[in-house]
Asks: 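Dropping a structure here in structure tokens format, bear with me for questions.
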Amino acid sequence: MRLLVTGGAGFIGTNFLRYALARDEVERLVTVDLLTYAGNYANLNDLEADPRFRFVRADIADREAMTALVDAEAIDTLVNCAAETHVDRSIADHWPFVTTNVDGTLVLLEAVRGRAGFRRFLQVSTDEVFGSIPAGRATEDWPSRPSSPYAASKAAADGFVQAYATTYGLPAVITRSSNNYGPYQFPEKLIPLFVTNALDGQPLPLYGDGLNERDWIHVEDHCAALWHVLGLPATRGEVFNVSAGREVPNRAVTDLILRLLDRPPSLVRYVADRPGHDRRYALDASRLRKTGWEPRRGFEEGLAATVAWYREHRPWWEAVKSGAYRDYYETMYGDRLRDSSAAPRS
Ligand code: NAD
Ligand code: TYD
């Protein structure tokens with residue numbers, strides 16, 4: 001396999017590179033990453049020793065660079081992890097989401113379309129394209145009803161992947177995973193933000209009433225699912241949901257983190273809600289399970305391991321939380337925390 005993984009310096013990309021490099025089938029592994037605020041080259045330092053590995057700093061929306069790279073490296077498999085990924089940032093400014101998530105995906109699709117020997121395009125997508133799931137679990141056939149600009153950009157990209165599969169016969173597949181947690185996640189997302197804030201005795205800003213639910217999966221289970229999907233017979237834009245089937249209200253996640261770190265509940269601050277905040281995500285992953293994949297990590301055990309990782313990797317997240325992150329935090333949370341309460345918002 002001559003594999004191109006985009007976004008390898010991000011959370012899921014970094015974990016997936018490690019997963020793939022542990023496999024003998026991988027003859028070459030190239031990762032492209034623009035190193036935006038969310039990309040961290042330090043994550044990849046230890047991979048450089050592997051002669052199969054190469055890092056390229058580039059923008060997936062750069063047509064010439066992507067076409068030249070795919071040709072030069074004779075890429076036969078592409079896993080697209082690069083994206084702008086944070087819902088709150090997409091509410092503040094959606095343009096980078098359109099450029100990277102939509103244009104960038106199209107550029108990658110064009111770079112591999114019609115390539116002799118090209119085997120598989122895997123689009124790493126999200127359950128957020130479905131919007132809020134009021135009850136039950138969404139199967140792959142659930143309609144796309146994205147709520148945030150982030151989710152809308154991912155739904156648009158999925159549409160282009162399916163169009164390329166249908167119109168040009170591109171061997172493509174889409175995975176839609178639920179919320180991931182684990183090592184190397186940027187501390188703007190709920191779990192690493194709350195764990196690192198709690199470690200520093202800082203407030204934990206819970207949105208709204210704190211009862212929104214997310215369907216949590218450990219990033220290693222997601223990486224195993226991506227690898228598994230690469231081995232399934234070629235599909236024409238088929239979708240596979242990826243979920244461990246465990247939705248948890250944000251308040252319960254917060255309580256668990258506080259308990260694991262032995263920090264007081266008084267750190268919790270209820271702050272103004274996110275506009276358009278999806279109430280609940282819950283996926284039905286039986287299509288993927290029937291092909292032989294299953295998640296291995298339970299939420300409580302996985303969360304404890306994740307909390308331990310952040311506790312042991314303080315230099316990693318302290319570096320990430322310095323500099324521009326401080327401005328981001330003040331913009332997102334400054335006023336909200338000044339206007340926060342210890343009791344849930346109705
Ligand atoms: P992340 O924000 O941690 O990492 C994204 C990476 O993409 C960063 O390294 C960044 O530098 C890179 N990048 C951004 N714009 C780029 C560009 N124009 N060109 C090249 N590289 C660029 O994100 P993540 O959590 O690792 O998510 C990876 C993928 O998985 C995304 O497509 C996301 O939609 C999807 N996903 C994530 C989750 C989750 O819970 N994290 C769940 C489901 C699906
Ligand atoms: P997040 O990690 O941003 O993932 P997503 O919104 O893409 O699912 O948020 C997970 C949940 O946690 C979501 O319901 C919003 C909530 N949340 C907070 O309550 N406070 C926060 O500071 C953040 C970042 C998220």
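One-based numbering, in listed order, for ligands and for the atoms of each. Predicted model, so just to flag it, every value in this text is computed and none were measured.
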Asks: Below 4.0 Å from any atom of ligand 1, is there a heavy atom belonging to Leu35?
Replies: yes
Asks: Do the side chains of Arg297 and Glu220 get close enough for a salt bridge, i.e. N-O under 4.0 angstrom?
Replies: yes
Asks: When only distance counts, is Thr100 in polar contact with ligand 1, meaning an N/O pair under 3.5 Å?
Replies: yes
Asks: Would you say Phe186 has any N or O atom under 3.5 Å from an N or O of ligand 1, going by distance alone?
Replies: no
Asks: Is the closest side-chain heavy-atom distance between Trp142 and Ile133 below 4.5 Å?
Replies: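 Counting from C-beta outward, Trp142 and Ile133 do come under 4.5 Å.
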Asks: I'd like to know if Arg115 pairs up with Asp71 as an ion pair, taking the criterion as any Lys NZ or Arg NE/NH1/NH2 lying under 4.0 Å from an Asp or Glu carboxylate oxygen.
Replies: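 Yes, Arg115 and Asp71 are salt-bridged.
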Asks: For atom 7 (O) of ligand 1, which candidate among Ala65, Gly39, Ala83 holds the nearest heavy atom?
Replies: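 The nearest heavy atom belongs to Ala83.
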Asks: Is there a side chain to side chain contact (heavy atoms under 4.5 Å, CB included) between Phe55 and Arg57? Walk through the geometry before answering.
Replies: CA-CA 7 Å; Phe55 170 78; Arg57 184 173 189 182; 3.9 Å; yes
Asks: Nearest heavy atom to atom 4 (O) of ligand 2 wins, so pick from Asn179, Leu190, Val271.
Replies: Asn179
Asks: Give the numbers and elements of all ligand 2 atoms closer than 4.0 Å to a heavy atom of Lys189.
Replies: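 Ligand 2 atoms under the 4.0 Å threshold to Lys189: 2 (O).
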Asks: Are Asp88 and Tyr328 close enough that a side-chain donor and a side-chain acceptor fall under 3.5 Å?
Replies: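 On atom types as modelled, these side chains do not qualify, holding no pair under 3.5 Å.
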Asks: Please report which non-hydrogen protein atom sits nearest to atom 13 (C) of ligand 2, along with the residue it belongs to and the distance in Å to one decimal place.
Replies: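 Here the closest protein heavy atom is His277 NE2, 3.4 Å.
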Asks: May I ask you to identify the nearest protein heavy atom to atom 10 (C) of ligand 1, giving residue, atom name and distance to one decimal place in Å?
Replies: Thr36 OG1, 3.3 Å
Asks: Which atoms from ligand 2 have a heavy atom of Asn212 less than 4.0 Å away?
Replies: 14 (O)
Asks: Does Lys321 pair with Asp200 as a salt bridge, N-O distance under 4.0 Å?
Replies: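 So Lys321 does not pair with Asp200 through a salt bridge.
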Asks: I need the nearest protein heavy-atom contact for atom 33 (C) of ligand 1: residue, atom name and distance, please.
Replies: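 Going atom by atom, the protein heavy atom closest to atom 33 (C) of ligand 1 ends up being Tyr150 OH, 3.5 Å.
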Asks: To which protein heavy atom is atom 3 (O) of ligand 1 closest, and what is the distance rounded to 0.1 Å?
Replies: Phe11 N, 3.0 Å
Asks: How far is atom 23 (O) of ligand 1 from its nearest protein heavy atom, and which residue and atom is that?
Replies: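 Here the closest protein heavy atom is Thr85 CG2, 3.2 Å.
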Asks: Does ligand 2 come near enough to Asp88 that some N or O of the ligand is less than 3.5 Å from an N or O of the residue?
Replies: no
Asks: Can you name the atoms of ligand 2, numbered from 1 with element, that are less than 4.0 Å from a heavy atom of Leu193?
Replies: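 Every atom of ligand 2 under 4.0 Å from some heavy atom of Leu193: 22 (O).
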Asks: Please identify which of these residues, Asn197, Thr254, Leu204, Ile257, meets the side-chain contact (heavy atoms from CB on, under 4.5 Å) condition with Leu267.
Replies: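 With Leu267 as partner, Asn197, Thr254, Leu204, Ile257 yield a single side-chain contact (heavy atoms from CB on, under 4.5 Å), made by Leu204.
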Asks: Which of the atoms of ligand 1 are close to Ser125, meaning less than 4.0 Å from one of its heavy atoms?
Replies: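 The atoms of ligand 1 under 4.0 Å from a heavy atom of Ser125 are 43 (C), 44 (C).
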Asks: Among all protein heavy atoms, pick out the one at the shortest distance from atom 18 (N) of ligand 1; state its residue, atom name and that distance to 0.1 Å.
Replies: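 Going by distance alone, atom 18 (N) of ligand 1 is nearest to Asp59 OD1, 2.8 Å.
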Asks: Are His86 and ligand 2 in contact, using a heavy-atom cut-off of under 4.0 Å?
Replies: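 Judged by the 4.0 Å heavy-atom criterion, His86 does count as contacting ligand 2.
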Asks: Under a 4.0 Å threshold between the charged nitrogen and the carboxylate oxygen, would Glu48 count as salt-bridged to Arg54?
Replies: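 Between Glu48 and Arg54 there is no salt bridge, as every charged N stays at least 4.0 Å from the carboxylate O atoms.
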Asks: Taking a cutoff of less than 4.0 Å between a non-hydrogen atom of the residue and any ligand atom, is Gly8 in contact with ligand 1?
Replies: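 Gly8: no contact with ligand 1 (<4.0 Å).
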Asks: Please identify which of these residues, Gln123, Arg236, Glu110, Arg113, meets the side-chain hydrogen bond (donor to acceptor under 3.5 Å, both in side chains) condition with Tyr164.
Replies: Glu110
Asks: Taking distance alone, with N or O pairs closer than 3.5 Å, would you say Glu128 contacts ligand 2?
Replies: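 Yes; at least one N/O pair falls below 3.5 Å.
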Asks: So, regarding Tyr281 and ligand 2 (criterion: nitrogen or oxygen to nitrogen or oxygen, under 3.5 Å), is there a contact or not?
Replies: no
Asks: Give yes if a backbone or side-chain nitrogen or oxygen of Tyr333 is under 3.5 Å from a nitrogen or oxygen of ligand 2, and no if not.
Replies: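 Yes; at least one N/O pair falls below 3.5 Å.
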Asks: Does Asp33 reach ligand 1 with a nitrogen or oxygen that is under 3.5 Å from one of the ligand's nitrogen or oxygen atoms?
Replies: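 Yes; the residue has a nitrogen or oxygen that sits under 3.5 Å from a nitrogen or oxygen of the ligand.
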Asks: If we only count heavy atoms from C-beta on, is the Phe186 to Tyr37 side-chain gap below 4.5 Å?
Replies: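 Phe186 reaches Tyr37 side chain to side chain.
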Asks: Might you work through the side-chain hydrogen bond (donor to acceptor under 3.5 Å, both in side chains) test for Lys189 and Thr85, ending with a clear yes or no?
Replies: CA-CA 10 Å; Lys189 306 286 182 351; Thr85 61; 3.0 Å; yes
Asks: Heavy-atom contact under 4.0 Å between Pro96 and ligand 1?
Replies: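 Per 4.0 Å heavy-atom rule, Pro96 does not contact ligand 1.
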Asks: Are any of the N/O atoms in Val32 less than 3.5 Å from those in ligand 1?
Replies: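 Checking ligand 1 against Val32, no N or O pair falls under 3.5 Å apart.
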Asks: Would a line drawn from the ring center of His86 to the ring center of Tyr150 be shorter than 6.0 Å?
Replies: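 For His86 and Tyr150, the ring centres are not under 6.0 Å apart.
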Asks: Of the protein's non-hydrogen atoms, which lies at the shortest distance from atom 19 (O) of ligand 2, and what is that distance?
Replies: Tyr207 N, 2.8 Å
Asks: For ligand 1, which atoms have a heavy atom of Ser178 less than 4.0 angstrom away?
Replies: 42 (C), 43 (C)
Asks: So, is Asp278 polar-close to ligand 2, with some N/O to N/O distance under 3.5 Å?
Replies: no
Asks: Heavy-atom distances under 4.0 Å decide this one: backbone, side chain, both or neither, for Ala61 against ligand 1?
Replies: neither
Asks: With a 4.5 Å limit on heavy-atom distance, are the side chains of Trp293 and Val242 in contact?
Replies: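 The answer is yes; the side chains approach within 4.5 Å.
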Asks: With a 4.0 Å cut-off, would you call Arg89 and Glu84 a salt bridge?
Replies: no
Asks: If the threshold is 4.0 Å, N to carboxylate O, is there a salt bridge linking Asp158 and Arg176?
Replies: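 Result for this pair is yes, salt bridge flagged.
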Asks: Among all protein heavy atoms, pick out the one at the shortest distance from atom 3 (O) of ligand 2; state its residue, atom name and that distance to 0.1 Å.
Replies: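 Nearest protein contact, heavy atoms only, for atom 3 (O) of ligand 2 is Arg274 NH2, 2.9 Å.
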Asks: Between Glu73 and Arg2, is the closest basic N to carboxylate O distance under 4.0 Å?
Replies: yes
Asks: Classify the angle between the aromatic ring planes of Trp309 and Tyr184 as parallel (below 30°), tilted (30 to 60°) or perpendicular (above 60°).
Replies: tilted
Asks: Before accepting this row, confirm whether a basic side-chain N of the pair Arg246/Glu213 lies closer than 4.0 Å to the acidic partner's carboxylate O.
Replies: no
Asks: Taking distance alone, with no angle check, do Lys189 and ligand 1 share an N/O pair under 3.5 Å?
Replies: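 For ligand 1, there is no N or O atom that lies under 3.5 Å from one belonging to Lys189.
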Asks: Between Arg263 and Leu199, is there a donor-acceptor pair closer than 3.5 Å when you use the side chain of the first and the backbone of the second?
Replies: yes
Asks: Testing the 3.5 Å rule here: is there a donor-acceptor pair between the side chains of Thr100 and Asp103?
Replies: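 Side chains of Thr100 and Asp103: no pair found under 3.5 Å.
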Asks: Examine the proximity of ligand 2 to Leu206 and report which part, side chain or backbone, both or neither, has a heavy atom under 4.0 Å away.
Replies: both
Asks: Say whether Arg214, considering both its backbone and side-chain N or O atoms, lies within less than 3.5 Å of an N or O atom on ligand 2.
Replies: yes
Asks: Which protein heavy atom lies closest to atom 31 (C) of ligand 1, and at what distance to 0.1 Å?
Replies: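 Minimum-distance protein heavy atom for atom 31 (C) of ligand 1 reads Cys81 O, 3.5 Å.
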Asks: Considering only non-hydrogen protein atoms, determine which one is nearest to atom 32 (O) of ligand 1 and report residue, atom name and distance to 0.1 Å.
Replies: Lys154 NZ, 2.7 Å
Asks: Return yes if a side-chain donor-acceptor contact under 3.5 Å exists between Tyr333 and Arg338, otherwise no.
Replies: no
Asks: Which residue owns the protein heavy atom closest to atom 36 (N) of ligand 1, what's the atom, and how far is it?
Replies: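 Ranking protein heavy atoms by distance from atom 36 (N) of ligand 1, first comes Ile12 CD1, 3.9 Å.
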Asks: Classify the contact between Glu188 and ligand 2 as side chain, backbone, both or neither, using a heavy-atom distance cut-off of under 4.0 Å.
Replies: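 Backbone only.
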Asks: Any N/O of Asn40 closer than 3.5 Å to an N/O of ligand 1?
Replies: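 Not met; the criterion fails.
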Asks: Based purely on interatomic distance, does Pro205 place a nitrogen or oxygen under 3.5 Å from a nitrogen or oxygen of ligand 2?
Replies: yes
Asks: If you have a sec, work out which protein heavy atom is nearest atom 16 (C) of ligand 2 and how many Å separate them, to one decimal?
Replies: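 In this structure, atom 16 (C) of ligand 2 has Asn250 ND2, 3.4 Å as its nearest protein heavy atom.
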